[in-house]
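To keep things clear, I will list the structure first and then write my remarks on it.
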Amino acid sequence: MPERILIVEDEPAIAEAVEYALKAEGFEVEAVADGDAALQQARARPYDLLVLDLMLPGLSGVEVCRRLREESAVPILMLTAKDGEVDRVLGLEVGADDYVPKPFSMPELVARVRALLRRRKLDNRESITTLRVGELELDLAKHEVHLADEHVPLTAFELKLLALLAGQPGRVFSRREIMGHLWNSSYVGDERACDLHVSNIRRKIERNPAHPERPLKRGLRSAP
Ligand code: CA
């Protein structure tokens, strides 16, 4: 599946050129022109990377970056003004992963994008075997889940679902997304089956399943 990139840039000529260059590299690309649309779009769909201009109408790139960082680890490449040393520092401080000063060449931008995606893949590979959210620990290699050091018996399917949610805490998943992820295909079958799995997991990890309090509650709540 091609990696999906969101471009946030209000200058149409630059947005178009970047979109063209990234599409030519085989990426799936979408573009928005202001900060509010960027937040909305980034929350609505999962992206593998954001190319984020700093100077935007409405919410600034810095503000977009700051807010997204509170809920997602998506790699963010900032586009900054040529002499914007302060902008660069600020961008990195609020969680941007890298920056490219304007004007930039397309080969340079593409190389930075590729480098960030590569780095993210390596990070994922290293941390893939154990996931921790609060008292909950998922050992994906051993297929074991512990809650406050007590073993929790989960089915393989439940473990996969929990791993998906725990891997991106705070992110909201639709039923369709969850089932699509778990079955690794676009066939999603009966989305209601998802509710059953979620309620089964809740029964196993919540003190009171009717009032979920575990760190996963946002992701789990969003599913039904
Ligand atoms: Ca701009």
Side-chain angles (χ1 to χ4, degrees), residues 1-124 127 167-174 176-177 180-181 218-219 222:
M1 234 168 58
E3 281 152 317
R4 193 183 290 143
I5 297 176
L6 179 64
I7 301 169
V8 188
E9 168 61 79
D10 59 312
E11 288 162 72
I14 297 179
E16 275 167 33
V18 172
E19 185 171 351
Y20 183 84
L22 292 176
K23 275 184 176 165
E25 294 290 315
F27 295 112
E28 194 180 312
V29 185
E30 284 164 30
V32 292
D34 66 74
D36 298 278
L39 269 189
Q40 212 174 2
Q41 191 71 10
R43 284 170 175 159
R45 298 192 67 184
Y47 288 93
D48 297 295
L49 185 139
L50 256 71
V51 175
L52 179 62
D53 184 31
L54 205 80
M55 299 289 289
L56 292 168
L59 276 184
S60 73
V62 165
E63 196 50 38
V64 170
C65 189
R66 194 200 310 272
R67 293 198 197 178
L68 278 181
R69 266 298 162 265
E70 287 171 4
E71 54 198 72
S72 150
V74 63
I76 297 177
L77 178 62
M78 280 233 177
L79 305 180
T80 65
K82 189 175 173 227
D83 301 315
E85 187 64 37
V86 175
D87 293 349
R88 263 169 247 164
V89 172
L90 194 56
L92 295 175
E93 257 174 20
V94 294
D97 298 273
D98 198 3
Y99 63 87
V100 181
K102 287 177 174 178
F104 49 84
S105 75
M106 283 306 156
E108 175 173 13
L109 181 93
V110 168
R112 297 288 186 98
V113 164
R114 287 209 177 283
L116 273 186
L117 289 172
R118 252 196 322 272
R119 203 200 296 170
R120 176 52 43 99
K121 265 188 205 145
L122 286 175
D123 289 350
N124 285 347
S127 60
Q168 297 179 65
R171 171 135 134 54
V172 173
F173 290 89
S174 68
R176 178 170 286 273
E177 269 180 308
H181 270 285
R218 278 175 70 191
S222 65

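Note that ligands are numbered from 1 as they come in the structure, with each ligand's atoms numbered from 1 the same way. Heads up: numbering here begins at 1 and tracks the sequence. Values below: every heavy atom of this structure, side chains too, minus hydrogens, waters and symmetry copies.
Only protein N, O or S atoms were considered, and those under 3.0 Å from the Ca ion (ligand 1) are D10 OD1, D53 OD2, M55 O.
For the pair E9 (side chain) and E11 (backbone), a donor-acceptor distance under 3.5 Å is present. Although no hydrogens or angles enter the test, the distance criterion places a donor-acceptor pair under 3.5 Å between the side chain of R4 and the main chain of P46. Judged purely by atom type and a 3.5 angstrom limit, R120 uses its side chain to pair as donor or acceptor with the backbone of A73. In this structure a side-chain-to-backbone donor-acceptor pair under 3.5 Å is missing from D48 to I5.
Rounding to the nearest 0.5 angstrom, the gap separating the CZ atom in R69 from the CD atom in E93 is 14.0 Å.
No hydrogens or angles considered: a donor-acceptor pair under 3.5 Å links the side chains of Y47 and Q41.
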